[in-house]
Amino acid sequence: LKALFPEDVLNISKQLTDGEVKFLKQLDDLLEEKYRPTINEHWVNATVPEDFFDDMGKLNYFQNPLLFEGREGAKTPSQLFQFFMSYVVARFDVSLVTLLGVHQGLGHNSFLFGGSKEQVAYYIPKLQSHELRTCFALTEPEHGSDVAGGLETTAKREGDKWILNGEKKWIGGANLADVIPVYAVDVETGKPKGFIVRPEQAGVDIEVIENKIALRIIPNTIIKLDNVEVEEDQRLQNINGFKDIAKVLYSTRAGVAYMATGALAGALRATLDYVTERKQFGKEISKYQLIQEKLAMMQGNLAHSMSICAQLARMQENGEYDEVATSTAKMMNSLRLRESVAMGRGITGGNGILAEYDIARFFSDAEAVYTYEGTHEINALLIGRALTGDSAFI
Ligand code: FAD
């Protein structure tokens with residue numbers, strides 16, 4: 001266990017079962033052996049490693065017997081395991097964990113929570129086995145933080161069909177998806193609904209956003225919908241208001257706190273590798289006190305973030321999970337990540353801005369983590385509302 005999580009000074013990973021550790025070791029080995037040699041190249045070239053999605057499917061995350069050993073009656077992998085799964089992938093690369101997160105989290109849960117019994121029975125097994133890929137299309141060019149009341153994409157009912165018009169922005173992995181849950185406002189009721197759209201449908205145009213400085217490996221896209229026809233039976237039957245979309249968002253916000261923590265561990269690892277190699281004034285820079293203080297701060301930030309995640313996972317497991325807890329974790333862990341990658345970037349000097357030293361990738365990717373799934377300010381406002389009873393934003 002120590003070899004797999006040397007940076008876990010609070011021994012949180014000790015609470016994992018043997019089966020969970022075995023799974024995580026297989027995952028870590030796969031990432032290190034197969035994907036390590038080309039990860040920075042993919043980041044620079046903004047390309048997705050070809051087999052990644054299929055390899056993740058083969059791990060059989062939703063059903064793997066290793067994750068159910070000693071957990072009779074459990075239907076999903078434990079929440080603590082889910083934290084560590086995100087952690088291990090994020091420690092390796094933040095784009096890849098995001099790609100997995102939009103499929104397994106926001107996308108999958110759009111179908112799970114939003115689908116009728118028949119839709120769940122049809123789509124969930126295919127999504128879980130990775131036979132079908134999905135994503136999550138909510139944000140629009142003019143509406144990010146205020147998406148709850150601001151959606152401009154419309155859905156108009158015509159007989160047994162709906163006609164969708166509008167534009168979505170930032171949608172991660174839509175160009176790789178087979179089915180896209182698209183959220184649009186019903187022009188009659190003014191309430192948002194969810195629709196299952198296929199990229200090859202007439203009127204759907206998907207463009208990859210170029211020149212991102214963060215998460216370069218995951219393609220983010222603009223989806224244009226021009227009179228796209230969706231049959232009523234392809235409408236997600238249980239999405240009938242923003243509260244139903246919020247349920248999906250809320251189910252995965254803890255996941256971003258988990259990713260932020262893994263990314264911090266990746267940054268610490270890249271920094272440690274560097275300081276033990278790099279010599280200045282005749283000795284390795286790891287031997288200098290000012291360097292060690294920054295490494296200790298990064299380690300301290302990591303311990304804080306890991307313990308918040310472990311407690312969040314415990315709360316989720318007990319059904320005590322709430323909005324303030326997840327917003328606190330997302331806000332604080334993203335902040336600690338941002339602070340830590342900046343220290344790591346500083347410690348690695350000029351080489352720290354070169355992709356080949358890894359830290360540049362974590363430094364840049366942290367900016368996206370800070371913004372998506374509720375910006376720092378929006379999570380602060382959710383916490384502020386709970387503290388004061390006053391909503392300062394809606
Ligand atoms: P804005 O909402 O325009 O905010 C700009 C600034 O104003 C922020 O600092 C914000 O905190 C601040 N602000 C806004 N309102 C207030 C207020 N009331 N008080 C104080 N400050 C305020 N969306 C999807 O639907 N699917 C995806 O797969 C997806 N993937 C993404 C991947 C990446 C890399 C990124 C960057 C975004 C992704 N998003 C996705 C969208 C993401 O959720 C939004 O970017 C996010 O919600 C913020 O919206 P915005 O970028 O429009 O910023």
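Both ligands and their constituent atoms are indexed starting at 1 by order of listing.
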Can you tell me which residue and heavy atom of the protein come closest to atom 23 (N) of ligand 1, and the distance to 0.1 Å? T139 OG1, 2.6 Å
Could you tell me if N165 and N227 have a donor-acceptor pair between their side chains, going purely by distance under 3.5 Å? yes
Just to confirm, does any protein heavy atom lie below 4.0 Å from atom 25 (O) of ligand 1? yes
By number and element, which atoms of ligand 1 are closer than 4.0 Å to a non-hydrogen atom of E377? 9 (O), 10 (C), 11 (O), 21 (N)
Could you tell me whether the side chain of T153 and the main chain of A184 form a donor-acceptor pair under 3.5 Å? no
For F23 together with F81, are the ring centres under 6.0 Å from each other? yes
Check ligand 1 against G172 and write out every atom of the ligand that is under 4.0 Å from a heavy-atom position of the residue. 27 (C), 28 (O)
Selected option - heavy-atom contact closest to atom 33 (C) of ligand 1, from F393, Y370, Y372: Y372
Can you confirm whether the side chains of Q201 and R198 place a donor and an acceptor under 3.5 Å from each other? no
To the nearest 0.5 Å, tell me how far T261 OG1 sits from D8 CG. 11.5 Å
When you look for heavy atoms under 4.0 Å from ligand 1, do you find them on the side chain of N220, its backbone, both, or neither? side chain
Any donor-acceptor N/O pair, R216 side chain to V44 backbone, under 3.5 Å: yes
Relative to ligand 1, is V102 under 4.0 angstrom through side chain, backbone, both or neither, heavy atoms considered? side chain
Would you mind listing which atoms of ligand 1 come within a distance below 4.0 Å of any non-hydrogen atom of I171? 24 (C), 25 (O), 26 (N), 27 (C), 28 (O)
Does the protein place a non-hydrogen atom closer than 4.0 angstrom to atom 6 (C) of ligand 1? no
Check: R71 side chain, T76 main-chain N or O, donor-acceptor pair, under 3.5 Å: yes
Heavy atom of protein inside 4.0 Å of atom 43 (O) of ligand 1, strictly below: yes
Report the residue from R338, R345, K212 that forms a salt bridge (charged side-chain N to carboxylate O under 4.0 Å, His left out) with E367. R338
How far is atom 50 (P) of ligand 1 from its nearest protein heavy atom, and which residue and atom name does that atom have? G144 CA, 3.9 Å
By number and element, which atoms of ligand 1 are closer than 4.0 Å to a non-hydrogen atom of L138? 25 (O)
Which of the atoms in ligand 1, numbered in the order shown and given with their element, are less than 4.0 Å from a heavy-atom of E373? 43 (O)
Per-atom contacts, ligand 1 versus T371 - under 4.0 Å to a heavy atom: 45 (O), 46 (C)
I need the atoms of ligand 1 closer than 4.0 Å to a non-hydrogen atom of L381, numbered in the order shown. 17 (C), 18 (N), 19 (N)
Would you mind finding which of S145, A137, C135 brings a heavy atom closest to atom 14 (C) of ligand 1? S145
Have a look at H108 and tell me which of F113, F62, Y61 forms a ring pair (Phe, Tyr, Trp, His ring centres under 6.0 Å) with it. F62
Nearest non-hydrogen protein atom to atom 10 (C) of ligand 1, with distance, is T375 OG1, 3.6 Å
Protein contact of atom 16 (C) of ligand 1 - nearest heavy atom, named by residue and atom, plus distance: I378 CD1, 4.1 Å
Look at the rings of H103 and F53 and say which category their plane angle falls in: under 30° parallel, 30 to 60° tilted, over 60° perpendicular. perpendicular
Test of proximity, G374 against ligand 1: N or O pairs below 3.5 Å: no
Whether D146 side chain and G150 backbone form a donor-acceptor pair below 3.5 Å: no
I want to know if ligand 1 touches W170 in the polar sense, i.e. an N/O pair below 3.5 angstrom. yes
Taking only Lys NZ, Arg NE, NH1 and NH2, and the carboxylate oxygens of Asp or Glu, determine whether R91 and D28 approach each other closer than 4.0 Å. yes
